Amino acid sequence: MTQVRITKPLIEVLCGRHQPVPPIWMMRQAGRYLPEYREVRARAGDFLDLCFTPELAAEVTLQPIRRFGFDAAIIFSDILVIPYALGREVSFEVGEGPRLQPLDTPDQAESFGARADFGKLKPVYEAVRRVRRELDPKIALIGFCGAPWTVATYMVAGRGTPDQAPARIMAYRHPQAFTKIIDVLVESSIQYLLGQLGAGADVLQIFDTWAGVLPPREFVRWSIEPTRRIVEGVRKKAPHAKIIGFPRGAGALLPQYVEITGVDAVSIDWAAEPSLIRNRVQNRVAVQGNLDPLALIAGGAALDRAVDDVLENFGKGRLIFNLGHGIQPDTPIAHIDQMLKRVRAYQG
């Protein structure tokens, strides 16, 4: 009996095969712009309870797939579950974002040698398994973690700040102590990503949301090198793992990031310079992005032009169509349908 090979368009792109119609998904696609998400979120109560209740996390992961038929689902979780597994206090305040127990002195950082309790993350793995069972075989399932630099910025300050200055100052003044935090996060992230692969994830993404605040020398030290170590560590156990990196705001440093980290694709923000990406990034790896989330809110002719720009700039090469960052809560659903129709009509 002949077996029919089921192809996942997103995986095809990551394996080096151009798709005439680029696969599409959206960062933060399970979120507050969806009424069905808001209903589940209200039922869950606390944000972490939603992340750590497998049936609810699986449900909100699948909601945008049911509504829009995206080519990938990304497991509903948060980049700060690793500090939680490391024994740090983590909470989410409505309207104010995450709050953590600050790790803001060199003595605290030097003594930060905790091993993660991965038992705390079993609900995430169970949510991955549930989604995998329900997902159409053609749709890829993405697991993820925060990059060590970005996670460390929240751990040091105990919250997000406009330019993540507390972590940057600690990295300058006390590089040895800051390295200790990064090292723990690298090892924990490797194990966490392997756990998601084992539970059924097809692809992994490493979110370095605050990479763009770093000068070039520090970008190599705190963004590129830890990401390289994670990619290397995952592939020691899972040699064929497909990994997407997202060093938001990296700009002209993206070619160096791609060359050193070994990622299969790089997600780019809306400010990325197209010719640089085409000539020095997309010629090496797949590109994911980079529609401005505010163009998606604007809709109309402006949205059509913005979608066309992404397709004209990157559609002839290996492209995963996405936003340049997460979708905003006030995005009209009709505008997502408009974007999808335009992308799916494209033949690159």
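Just so it is clear, the model here is predicted, and its values are computed rather than measured.
- More than 12 heavy atoms of other residues, nucleotides or ligands shown are found within 6.0 angstrom of CZ on Arg66.
- Using modelled atom types, no side-chain atom of Gln205 and backbone atom of Gly143 make a donor-acceptor pair closer than 3.5 Å.
- Atoms OG1 and CZ, on Thr153 and Arg168 in that order, are 10.5 Å from each other to the nearest 0.5 Å.
- Closest approach of Asp46 to Arg41, counting heavy atoms only: C-NH1, 3.9 Å.
- Shown here is Arg133, whose CZ atom has more than 12 heavy atoms of other residues, nucleotides or ligands within 6.0 Å.
- Put simply, the side chain of Glu12 never gets that close to the backbone of Gln19: no donor and acceptor are under 3.5 Å apart.
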Return a table of donor-acceptor pairs under 3.5 angstrom between the side chains of residues 181-190 and protein atoms on other chains or two or more places apart.
residue	atom	partner	partner atom	Å
Asp183	OD1	Arg229	NH1	3.1
Asp183	OD1	Arg229	NH2	3.2
Ser188	OG	Val184	O	2.9
Ser189	OG	Leu185	O	2.7

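- Across Ile336 and Phe68, no two heavy atoms sit closer than the pair CG2-CE2, 3.6 Å.
- Residues Val124 and Tyr192 are in side-chain contact: their nearest non-hydrogen atoms beyond the backbone lie under 4.5 Å apart.
- Few gaps surround CD on Gln347; more than 12 heavy atoms of other groups in view lie less than 6.0 Å from it.
- Under a 3.5 Å cut-off, the side chain of Trp210 and the backbone N or O of Gln164 do not form any donor-acceptor pair.
- Applying side chain to side chain contact (heavy atoms under 4.5 Å, CB included) to Phe314 and the options Asn290, Asp309, Val281 leaves one that passes, Asn290.
- Using a cut-off of 4.0 Å between Lys/Arg side-chain N and Asp/Glu carboxylate O, Glu134 and Arg130 are scored as not salt-bridged.
- Atom CD of Gln338 is separated from atom CZ of Arg342 by 7.5 Å, given to the nearest 0.5 angstrom.
- Identified under the side chain to side chain donor-acceptor pair (under 3.5 Å) test for residues 256-266, with sequence neighbours left out: Arg235-Asp264.
- Looking at Gln29, its side chain does come within 3.5 Å of a backbone N or O of Met26 through a donor-acceptor pair.
- A pairwise comparison of heavy atoms in Ser267 and Pro247 identifies O-CD, 4.1 Å as the closest pair.
- For the atom pair CG (Leu204) and CG (Leu193), the distance works out to 5.0 Å, reported to the nearest 0.5 Å.
- Linking Ile, Leu, Val, Met, Phe, Trp and Tyr whenever their side-chain heavy atoms come within less than 4.5 Å leaves Leu103 and Ile169 in two separate clusters.
- Residue Asp71 comes nearest to Pro22 through the heavy atom pair OD2-O, 4.5 Å, listed as atom of the first residue, atom of the second, then distance.
- Here the closest heavy-atom approach between residue Ile79 and residue Cys145 is recorded as CG2-C, 4.2 Å.
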Give the table of side-chain donor-acceptor pairs shorter than 3.5 Å for residues 315-330, with sequence neighbours excluded, one pair per line with atom names and distance.
residue	atom	partner	partner atom	Å
Arg318	NH2	Arg284	O	3.3
Asn322	OD1	Met27	N	3.0
Asn322	ND2	Trp25	O	3.3

- Task: Step by step, work out the side-chain contact (heavy atoms from CB on, under 4.5 Å) result for Lys8 and Asp202.
- Result: CA-CA 10 Å; Lys8 295 177 168 68; Asp202 300 298; 3.4 Å; yes
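- Between the Asp337 side chain and the His335 main chain, no donor and acceptor come within less than 3.5 Å of each other.
- Taking a cutoff of 4.0 Å between a charged side-chain nitrogen and a carboxylate oxygen, Asp208 and Arg248 do not qualify as a salt bridge.
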- Steps toward side-chain contact (heavy atoms from CB on, under 4.5 Å) verdict (Leu303, Leu291): CA-CA 9 Å; Leu303 174 57; Leu291 186 76; 3.9 Å; yes
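- Follow the hydrophobic side-chain contacts under 4.5 Å out from Phe47 and you reach Tyr33 in the same cluster.
- When the side chains of ILVMFWY residues are joined at heavy-atom separations under 4.5 Å, either directly or via intervening members, Leu10 and Tyr346 end up in a single hydrophobic cluster.
- In this structure, Ile75 and Gln196 have side chains that are in contact, with non-hydrogen atoms separated by less than 4.5 Å.
- Gln288 contributes no side-chain N or O that, together with a main-chain N or O of Val266, makes up a donor-acceptor pair within less than 3.5 Å.
- By the 4.5 Å heavy-atom criterion applied to side chains, Ile244 and Leu14 are counted as neighbours.
- When all heavy atoms of Trp149 and Val213 are compared, the closest pair comes out as CZ2-CG2, 4.0 Å.
- Ile139 contributes atom CD1, which lies 11.5 Å from atom CD1 of Ile6 (distance to the nearest 0.5 angstrom).
- A donor-acceptor pair under 3.5 Å is formed between the side chain of Gln108 and the backbone N or O of Asp104.
- Between Glu126 and Arg129 a salt bridge is recorded (basic side-chain N to carboxylate O distance below 4.0 Å).
- Considering CZ of Arg67 and CG of Leu62, their distance stands at 14.0 Å, rounded to 0.5 Å.
- Leu340 places a side-chain heavy atom less than 4.5 Å from the side chain of Phe70.
- With sequence neighbours left out, Phe52 forms a ring-ring contact (aromatic ring centres under 6.0 Å, His included) with Tyr84.
- Grouping Ile, Leu, Val, Met, Phe, Trp and Tyr by side-chain contacts under 4.5 Å, direct or through others, puts Ile297 with Leu294.
- You'll find the side chain of Pro226 stays beyond 4.5 Å of the side chain of Arg221, heavy atoms only.
- Leu48 and Ile74 fall within a single hydrophobic cluster, where Ile, Leu, Val, Met, Phe, Trp and Tyr are joined by side-chain heavy atoms under 4.5 Å apart, directly or via other members.
- Looking only at distances, a side-chain donor or acceptor of Lys180 sits under 3.5 Å from a matching main-chain atom of Glu110.
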Give every donor-acceptor pair under 3.5 Å between a side-chain atom in residues 269-278 and any protein atom, sequence neighbours left out.
residue	atom	partner	partner atom	Å
Asp269	OD1	Ala271	N	2.9
Asp269	OD1	Ala272	N	3.4
Asp269	OD2	Gly249	N	2.7
Glu273	OE1	Ser275	N	3.1
Glu273	OE1	Ser275	OG	2.4
Glu273	OE1	Leu276	N	2.9
Glu273	OE2	Ser275	OG	3.3
Arg278	NH1	Asn313	OD1	3.1

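- In this structure, the side chain of Lys237 does not engage the main chain of Leu194 through any donor-acceptor pair within 3.5 Å.
- In this structure, the side chains of His18 and Val13 stay at 4.5 Å or more apart for every pair of heavy atoms.
- Looking at Arg99 and Glu89, no side-chain N of the basic residue comes within less than 4.0 Å of a carboxylate O on the acidic one, giving no salt bridge.
- The CZ atom of Phe118 lies 5.5 Å from the CD atom of Gln191; values are rounded to the nearest 0.5 Å.
- Clustering ILVMFWY residues whenever any of their side-chain heavy atoms sit less than 4.5 angstrom apart, transitively, puts Ile11 in the very cluster that holds Ile24.
- Heavy atoms from other residues, nucleotides or ligands lying under 6.0 Å from CZ of Arg132 number more than 12.
- Proximity of the aromatic rings of Phe76 and Phe144 is defined here by a centroid distance below 6.0 angstrom, and this criterion is not met.
- Formation of a donor-acceptor pair under 3.5 Å by the Ser223 side chain with backbone atoms of Ala211 is not found in this model.
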- Could you please spell out the steps behind the side-chain contact (heavy atoms from CB on, under 4.5 Å) verdict for Val231 and Val263? CA-CA 7 Å; Val231 172; Val263 294; 4.1 Å; yes
